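One structure is given here, and the rest of the page talks about it.
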Amino acid sequence: MGYVWAMTHVTDSMVVDPSASTAMRTHRCGELGREQVGEAVRLGGWVHRRRDLGGLVFIDLRDRAGIVQLSCDPRWTSPDVMARASAAGTESVVLVKGTVGLRPEVARDTTLATRDVEVHVTDLRVVGPAVTPAIPVARKEGEELPAEELRLKNRVLDLRRPELQASLLLRHRLAQRARRTLSDLGFLEIETPILTKPTPEGARDYLVPSRVHEGEFYALPQSPQIYKQLLMVAGYDRYFQIARCFRDEDLRADRQPEFTQIDIEASFVAQEDVQGFVEQVLVAMWDEAGESVAAPFRHLSYRDAMERWGIDKPDLRFGFEIQDFTPFVQPDAAPFVHEALAKGGRLRGILAPGAASASRKEIDGLTAAAKELGAGGLIWARRTGAAWEGQGVKAIGLDTLTRIRGADGDLLLAVPGADGVTSPTLHAVRTLLTRRPGVTPSAAHAFCWIVDFPLFEKDPATGERIFVHHPFTSPHVEDIPFLDSDPFRCRALHYDAVYNGNELGSGSIRITDPALQQKIFSLLGIGPEEIRRRFGFLLDGLAAGAPPHGGFAIGFDRVAMLLSGASSLRDVIAFPKTTAARALFEGAPIPVAERELHALHLQLRREK
RNA sequence: GGGGCUGUAGCUCAGCUUGGUUAGAGUGCCGCACUGUCACUGCGGAGGUCGCGGGUUCGAGCCCCGUCAGCCCCGCCA
């Protein structure tokens with residue numbers, strides 16, 4: 001608490017912002033320090049805490065810059081002002097006149113950034129009385145936050161908390177820095193429509209019924225994808241937008257139905273140009289948060305990432321890489337291992353140095369995580385000295401273990417099977433291993449690019465060929481000949497930016513050849529009529545003289561979350577939605593009256 | 001759509017394992033006292049549909065079923 005406070009508010013209070021001065025106040029509370037001693041000041045703020053000693057009243061007055069102590073003392077405060085100070089309720093807004101004074105030496109034992117000074121109050125008026133707050137803004141040390149449901153219902157109070165104010169302040173600075181960085185690189189900030197056309201591909205659209213056109217709907221954009229491509233065709237060269245995007249899908253801690261992307265597109269570029277722009281923006285934002293990071297970022301192919309980390313967004317701050325133990329498997333391995341190999345699977349696993357100390361309970365936890373992801377179980381063995389022990393000795397056999405070798409103190413964790421099972425399983429296992437006490441990251445920041453994603457994948461449900469990304473992503477030029485003969489061999493000019501195991505965003509080089517775009521659509525089984533209906537305006541655009549172009553979208557909320565140390569997107573969004581996509585504070589969504597539905601040509605059908 | 005966790009005073013929590021007095025604590029709130037506090041202190045007080053509905057039982061905050069809400073995860077998120 002005190003730590004966060006000091007960290008976020010001392011910095012701000014070091015500089016007096018002259019623009020803070022208004023007709024009603026001269027400074028922000030948190031800006032006052034020794035430099036203002038002797039000055040007459042006027043302040044406005046919220047009563048954070050009040051300490052009423054009878055003859056003396058102290059008030060901690062809070063605003064967005066921090067807290068300063070008000071001292072009401074008969075030596076400088078009249079009896080009627082004293083009475084008002086003593087009656088000022090918690091979280092009420094007061095206007096104060098006074099003089100900045102040095103606090104008595106013995107009375108500076110405080111965590112406030114403004115610890116040396118206080119305001120000797122000569123006038124105080126409650127201008128915004130507050131009812132008793134439903135949730136506390138000022139908390140005791142160690143006091144838990146109120147339940148998130150209450151925080152969301154009482155959002156104005158929650159937003160007053162210094163931590164949340166610090167997060168939103170940082171978010172503002174990140175946005176400004178990104179904006180300036182891109183603008184300096186010649187990118188133009190251009191807005192695109194919020195009422196757009198449904199794109200039945202991908203995520204579910206939020207639909208908006210048209211009043212004017214019966215039975216027709218707008219969609220809220222899942223991203224400005226097609227618009228930004230058309231801006232390239234229109235010759236705008238370099239575009240960006242801090243764009244709101246909407247997806248009607250189920251939520252997670254790091255997923256909101258409406259979210260913000262730093263959306264970028266540029267013409268006459270290759271993949272590395274776009275990556276260079278994105279790196280500059282990311283480095284600038286990290287710098288804004290006080291973190292020094294270096295570009296260019298390391299490149300990893302999708303295939304490598306899946307092979308060594310089991311995921312396309314590896315956390316490179318830690319070791320515990322996945323290995324292929326298949327070549328070491330000897331006849332003494334258990335039948336189920338041989339069966340898995342016979343079916344074309346592999347035996348993959350992790351040799352975790354020093355993890356032989358893991359308790360049985362811990363290993364059970366790893367096994368449970370493995371089973372949750374579809375693995376039959378988790379083979380494990382620990383090596384002490386030269387000896388292996390554990391269930392894995394039987395499962396994969398001593399001969400196999402001997403060939404795997406390992407070192408004293410290693411914990412071996414392995415899973416036989418298809419990559420589709422072993423990769424996610426071992427990724428989950430690895431993630432748990434990195435969280436063991438005593439495991440330290442090799443660096444604070446590990447950025448990388450994941451490149452060479454496959455263009456197509458098989459739909460696990462239907463077996464049909466589906467696009468991994470959106471259908472405007474260009475294949476590698478050298479893979480185009482294989483589009484028909486060996487589609488799964490084709491790599492996409494698609495790239496993800498990954499940071500400490502988090503996907504920060506993704507982008508691609510787009511298809512600009514209308515013929516190739518048509519071909520891709522038809523490979524996906526979309527007929528000419530449907531192409532026309534859905535994407536006609538894009539194809540027409542491409543046919544009008546399209547420059548080679550590509551772009552990227554940075555998940556801005558996620559960046560703000562990571563850089564502010566928040567554990568949820570909801571803590572970097574002023575008015576977020578719950579996991580059921582409800583807004584508890586304002587109370588959306590709500591049922592609408594029959595006549596409103598009627599005007600929109602809609603009729604409700606009651607389910608069940 | 002599926003799985004898990006949580007729901008008791010304004011707030012944070014205990015009570016639930018093993019059903020049985022008047023459901024407690026801290027804090028906040030209200031009142032009184034208090035001239036250097038800073039989580040002020042001291043004294044006194046008010047404050048509860050134990051999320052909601054049903055069931056079992058002589059008796060349910062506690063057991064069972066259902067439901068709602070919040071959170072976490074899987075599916076989903078081109």
Side-chain angles (χ1 to χ4, degrees), chain A residues 1-2 48-61 67-75 77 82 86-87 89-91 101 103-112 114-115 118 120 131-154 157-158 199-205 222-223 225-226 245-257 259 368-369 372-374 424 428 453 455-457 459-461 466-473 492 494 503 506 508 520 524 526 534 553 555 567-568 570 577-580 582 584:
Chain A
M1 219 46 322
H48 191 68
R49 260 194 263 275
R50 194 183 62 247
R51 292 174 292 280
D52 187 344
L53 275 61
L56 293 174
V57 177
F58 297 98
I59 290 175
D60 287 341
L61 193 67
I67 293 177
V68 71
Q69 173 169 284
L70 307 180
S71 166
C72 303
D73 184 314
R75 282 182 288 171
T77 312
M82 200 68 136
S86 155
T90 307
E91 293 307 316
R103 293 176 64 154
E105 201 74 46
V106 289
R108 289 186 199 155
D109 180 23
T110 170
T111 52
L112 297 188
T114 54
R115 64 180 64 77
E118 62 187 4
H120 295 164
V131 296
T132 301
I135 58 171
V137 176
R139 283 177 304 143
K140 311 284 179 196
E141 201 173 322
E143 184 180 344
E144 292 295 322
L145 279 174
E148 186 148 16
E149 187 176 356
L150 293 167
R151 290 177 49 206
L152 293 173
K153 272 184 183 149
N154 302 281
L157 291 173
D158 200 38
T199 47
E201 299 275 328
R204 208 170 283 124
D205 285 313
Q222 295 180 24
S223 79
Q225 181 62 35
I226 294 180
C245 307
F246 307 86
R247 291 179 192 175
D248 189 4
E249 295 291 347
D250 287 344
L251 274 45
R252 290 284 189 281
D254 61 351
R255 256 162 40 192
Q256 282 275 305
F259 58 98
E372 217 166 278
L373 288 161
F453 280 79
L455 198 59
F456 301 97
E457 67 186 0
D459 186 326
I466 53 172
F467 233 71
V468 177
H469 315 287
H470 59 64
F472 320 120
T473 301
H494 175 102
E503 185 194 321
S506 63
S508 66
I520 294 287
L524 291 168
I526 308 176
R534 285 194 200 169
S567 51
S568 159
R570 294 182 295 273
K577 305 279 191 287
T578 68
T579 46
R582 238 175 224 294
L584 293 186

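By convention in this document, chain letters (A, B, ...) are assigned in the order of the sequence lines, proteins followed by strands, and residues within each chain are numbered from 1. Because the structure is predicted, anything quoted here is derived from the model rather than measured.
Rounded to whole Å, the separation between the C1' atoms of G15(B) and G48(B) comes to 14 Å. Only the C1' atoms considered, C71(B) is 35 Å distant from C30(B), to the nearest whole Å. Here the separation of U8(B) from G3(B), taken at their P atoms, is 24 Å to the nearest Å. Taking atom C1' on both nucleotides, G54(B) is separated from U49(B) by 16 Å, rounded to a whole Å. For the P atoms, the distance linking G10(B) with U57(B) amounts to 34 Å, nearest Å. Rounded to a whole angstrom, the distance from the C1' atom of A23(B) to that of G47(B) is 14 Å. Only the P atoms considered, G59(B) is 28 Å distant from U6(B), to the nearest whole Å. For the C1' atoms, the distance from G20(B) to C29(B) is 34 Å, rounded to whole Å.
Rounded to whole Å, the distance from CD on E148(A) to C1' on C11(B) is 16 Å. A straight line from CZ of R534(A) to P of A78(B) spans 14 Å, rounded to a whole angstrom. When the C1' atom of C71(B) is taken as reference, atom CG of D254(A) falls 14 Å away, rounded to whole Å. E91(A) has its CD atom 14 Å from the C1' atom of G10(B), to the nearest Å.
Between the CD atom of Q256(A) and the CZ atom of R247(A) there is a distance of 13.5 Å, given to the nearest 0.5 Å. For the atom pair CG (L70(A)) and NE2 (H48(A)), the distance works out to 12.5 Å, reported to the nearest 0.5 Å.
The side chain of R582(A) lies closest to G70(B), out of G70(B), U35(B), U12(B). Taking the side chain of R247(A) as heavy atoms from C-beta on, and the options C77(B), G70(B), U27(B), the nearest nucleotide is C77(B). For E149(A), taking side-chain heavy atoms from C-beta onward, the closest of the listed nucleotides G70(B), A78(B), G36(B) is G70(B). For A134(A), the side-chain atoms get nearest to G10(B) when compared with the rest of G70(B), C29(B), G10(B). Comparing G28(B), C72(B), C38(B) against the side chain of Q69(A) picks out C38(B) as the nearest. The listed nucleotides are C71(B), C29(B), C72(B); the one nearest the side chain of T90(A) is C29(B). Listed nucleotides U35(B), U12(B), A78(B) differ in distance to D73(A); the shortest reach to its side chain belongs to U35(B). Comparing A39(B), C13(B), A78(B) by their closest approach to the side chain of H469(A) singles out A78(B). In this structure, of C34(B), C38(B), C11(B), it is C34(B) that holds the atom nearest to the side chain of D52(A).
Checked by distance alone, R252(A) brings a side-chain donor or acceptor within 3.5 Å of a matching partner on the base of G75(B). No donor-acceptor contact under 3.5 Å links the side chain of E143(A) to the base of U27(B). With hydrogens and angles left out, the side chain of E118(A) and the base of G36(B) share a donor-acceptor pair within 3.5 Å. Side-chain atoms of R75(A) and base atoms of G36(B) include a donor and an acceptor less than 3.5 Å apart. Applying the 3.5 Å distance criterion, the base of C77(B) shares a donor-acceptor pair with the side chain of R255(A). Contact annotation: side chain of R103(A) to base of U37(B), donor-acceptor pair present below 3.5 Å.
Residue S223(A) is in base contact, counting any heavy-atom pair closer than 4.0 Å across all strands shown. R151(A) comes within 4.0 angstrom of no nucleic acid atom, judged by non-hydrogen atoms across all strands.
G44(B): Watson-Crick or G-U partner is C30(B), with both key distances under 3.5 Å. Here U56(B) sits opposite no nucleotide as a Watson-Crick or G-U wobble pair (both hydrogen-bonding atom distances under 3.5 Å). Base pairing analysis places A14(B) opposite nothing; no Watson-Crick or G-U wobble pair with both distances below 3.5 Å involves it. Under the Watson-Crick and G-U wobble criteria, each requiring two contacts below 3.5 Å, nucleotide U35(B) is left unpaired. Pairing for C71(B) goes to G4(B), judged as Watson-Crick or G-U wobble with the two contacts each under 3.5 Å.
Using modelled atom types, no side-chain atom of S71(A) and backbone atom of H120(A) make a donor-acceptor pair closer than 3.5 Å. A donor-acceptor contact shorter than 3.5 Å is absent between the side chain of S86(A) and the backbone of M82(A). In this structure, the side chain of E91(A) does not engage the main chain of V137(A) through any donor-acceptor pair within 3.5 Å.
Inter-residue side-chain proximity for L145(A) and R139(A) is flagged as met; some heavy-atom pair is nearer than 4.5 Å.
When all heavy atoms of A253(A) and R570(A) are compared, the pair lying nearest together is CA-NH1, 4.4 Å.
Nearest-nucleotide positions on RNA chain B place S71(A) closer to the 5' end than the other of S71(A) and D250(A). Taking the nucleotide of RNA chain B with the nearest heavy atom to each of P136(A) and L251(A), the more 5' of the two is matched to P136(A).
R51(A) has no side-chain polar atom (N or O) that falls below the 4.0 Å cut-off from OP1 or OP2 of U35(B).
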